Number of protein chains: 2
Amino acid sequence: MSENEPTRSARKHQAILDAATGVFLAKGFAGTNMDDIAKRAAVSKQTVYKHFADKEKLFAEIVLGTTDRVDGMVDLVADVPAEADTLEENLHALARQFLAALTGAEVFQLRRLVIANADTFPELGATWYEQGFERVLGTLADTFRRLTEKGVLHADEPLLAAHHFAGLLLWIPVNRAMFHGSPQHTEAELDHYATAGVRAFLAAYR
Amino acid sequence: MSENEPTRSARKHQAILDAATGVFLAKGFAGTNMDDIAKRAAVSKQTVYKHFADKEKLFAEIVLGTTDRVDGMVDLVADVPAEADTLEENLHALARQFLAALTGAEVFQLRRLVIANADTFPELGATWYEQGFERVLGTLADTFRRLTEKGVLHADEPLLAAHHFAGLLLWIPVNRAMFHGSPQHTEAELDHYATAGVRAFLAAYR
DNA sequence: TTCATAGTACTGGACAGTCCAGTTCTCGCT
DNA sequence: AGCGAGAACTGGACTGTCCAGTACTATGAA
């Protein structure tokens, strides 16, 4: 037998998760009904309830299941070289990757989804934010601390500096995406945000 | 007759608006039902429907009705004195008032409400953002342009500078409030955000 | 009187979650 | 390989509940 052929149960489980993710992202928690999910997963409703106790559990599992996707970004911000003469272009590269990763439509939809239901699921919102964005910023703060120790940067409060970096970079596109349906950022705009944000950041912290 | 004694109808209208505002803010659009609103307004359900065609119209009217509250903030950002030697403290004062105005719990709740329903009411989200925050930032950009012309500041792109100012200042508290239920900012924290944000901004743009 | 309103019952539809009868898969055992 | 039992799955009907919006009668204000 092949070493990892998923069992039927595992396949169904995954199909339900995939379908539910799509529907929740598109229509929100309240706007989604379980029959839709079952139909999209090509699965009977009974099976959905066999795998997930109820709608809320399914929702929570999906949202929290996305937090491990930020691992890549954590690696990204941890790997900024500490050389003074290439600092600007290194930060610019980081900024571009940051923007590229976050402006993927799915990330914004998920962000909206979590914010929208922060009342109903308070812990979910807090956890998602902590496991996600704050982890990245914490790592970025470590990087800034390292750069500061090497004398390349001057960040007395590295975590605050990391937030400033993020704020300079993300304030515009994030707000735009939160209030309008689709992202609508051209590559040129993103590049401009990155350039201007990095320039302002370096003026403040170099 | 007295010049402005509201008619009974006008009183009911206002009572419905007030009640609906409270319920929508507390429980969101989907979580709110019309019976609750009627009860809270001490009005019959029929009367609610006499004044507002349906739930969506009521919701839209409430959300859009709040945009004129930003007029005060527009005045605020238009009135920054253009003297170089007091620039830092002037901006700091502006930053504090900005933070104070935005971290009022109601503003954040409203923001969450709009974001949460940006899918269902796409135009509403766009309009609210444009009439609200973008108007303030546009005015702030004008101020920065004026300061730049006087040589007090160097902002080649005043609107971008205004966004940077906002991002430096608001990124932390806004995100915290979006994902957690309650704001939870101490005065000391807000002051620290203002000081650090203004310092970074001036380093970049003076 | 006349109009807005209160109070309340009602309609129609949506939807979470359950139940059940019959089918298909899985896997250990021979 | 072939068998058989138990687990998982299907499809659809069903329950109970919630809720937007309507209908209707009675009441109080102008």
Side-chain angles (χ1 to χ4, degrees), chain A residues 1-63 113 116-117 119-121 124, chain B residues 1-63 113 116-117 119-121 124:
Chain A
M1 59 180 161
S2 104
E3 64 187 58
N4 54 354
E5 188 159 332
T7 65
R8 177 173 63 155
S9 186
R11 265 181 290 126
K12 300 284 178 184
H13 191 91
Q14 193 57 46
I16 294 166
L17 279 179
D18 291 345
T21 302
V23 183
F24 277 135
L25 283 180
K27 309 215 262 178
F29 179 77
T32 295
N33 70 8
M34 299 297 271
D35 292 275
D36 269 10
I37 293 175
K39 186 174 283 182
R40 283 252 302 232
V43 140
S44 89
K45 201 167 155 187
Q46 191 64 221
T47 302
V48 175
Y49 280 97
K50 190 134 224 154
H51 286 271
F52 303 94
D54 56 32
K55 195 182 176 185
E56 298 195 0
K57 296 272 171 48
L58 176 56
F59 183 72
E61 184 152 335
I62 284 175
V63 171
L113 193 60
N117 299 284
D119 290 316
T120 323
F121 306 97
L124 195 59
Chain B
M1 61 178 159
S2 104
E3 64 185 60
N4 55 355
E5 187 159 331
T7 65
R8 179 169 64 151
S9 184
R11 267 182 289 127
K12 302 284 179 186
H13 190 92
Q14 193 56 45
I16 295 165
L17 279 178
D18 291 344
T21 303
V23 184
F24 277 135
L25 283 179
K27 310 214 261 181
F29 180 78
T32 295
N33 70 10
M34 298 297 269
D35 292 274
D36 269 10
I37 293 175
K39 188 174 282 184
R40 283 253 299 234
V43 139
S44 90
K45 200 168 155 186
Q46 193 63 222
T47 302
V48 175
Y49 280 97
K50 190 134 229 158
H51 286 270
F52 302 94
D54 55 31
K55 194 183 178 183
E56 298 194 0
K57 296 272 171 49
L58 176 57
F59 182 72
E61 185 152 334
I62 284 175
V63 170
L113 192 59
N117 298 284
D119 290 316
T120 322
F121 307 97
L124 195 60

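Treat the numbers as computed from the prediction; the structure is a model and nothing was measured. Proteins get letters first, then strands, A, B, ... in listed order; numbering begins at 1 in each.
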Shortest non-hydrogen pair, B/Phe29 vs B/Lys55, comes out as O-NZ, 3.0 Å
Describe the nucleic acid contact of A/Arg11 in one word from base, sugar-phosphate, nothing, applying a heavy-atom distance below 4.0 Å.
sugar-phosphate
Comparing nearest nucleotides in DNA chain C, the 5'-proximal residue of the pair B/Asp35, A/Asp35 is B/Asp35
From OH of B/Tyr49 across to P of C/dG7 the rounded distance in Å is 18 Å
Whole-Å gap separating C1' (C/dA16) and CZ (A/Phe59):
16 Å
Rounded to the Å, how far apart are A/Asp36 CG and C/dA14 P?
12 Å
Could you state the CZ-P distance from B/Phe52 to D/dA20, rounded to the nearest angstrom?
15 Å
For atom CD of B/Gln46 and atom P of D/dT25, their distance in whole Å:
13 Å
Looking at D/dA8, I'd like to know if its phosphate oxygens (OP1 or OP2) sit under 4.0 Å from a side-chain N or O belonging to A/His51.
no
Please examine the side chains of A/Arg8 and A/Lys12, heavy atoms only from C-beta on, and report whether any two atoms are closer than 4.5 Å.
yes
Expected output: side-chain A/Asn117 to main-chain A/Thr120 donor-acceptor under 3.5 Å:
no
I want to check something: taking the side chain as every heavy atom from C-beta on, are B/His13 and B/Ile16 in contact at a cut-off of under 4.5 Å?
no
For B/Arg8 and for B/Gly31, find the nucleotide of DNA chain D with the closest heavy atom, then tell me which residue's nucleotide is more 5'.
B/Gly31
Rounded to whole angstroms, how far apart are CZ on B/Phe24 and C1' on D/dC19?
13 Å
Starting from P on C/dC10, measure out to CE on B/Met34 and report it in whole angstrom.
22 Å
Taking only the side-chain nitrogens and oxygens of B/Thr47, find out if one of them lies under 4.0 Å from OP1 or OP2 of C/dA6.
yes
List the steps, then state whether salt bridge (charged side-chain N to carboxylate O under 4.0 Å, His left out) holds for B/Asp35 with B/Lys45.
CA-CA 6 Å; B/Asp35 292 274; B/Lys45 200 168 155 186; 3.3 Å; yes
When you measure from the side-chain N and O atoms of A/Lys50 to the phosphate of D/dT10, is any distance below 4.0 Å, counting only OP1 and OP2?
no
Distance check needed: D/dC19 C1' versus A/Asn33 CG, whole Å only.
16 Å
Of A/Lys55 and B/Lys12, the one whose nearest nucleotide on DNA chain C sits closer to the 5' end is B/Lys12
Base, sugar-phosphate, or nothing: which does A/Ala42 touch, judged by heavy atoms less than 4.0 Å apart?
sugar-phosphate
Ignoring hydrogens and angles, does a donor from either the side chain of A/Lys45 or the base of C/dG17 sit under 3.5 Å from an acceptor on the other?
yes
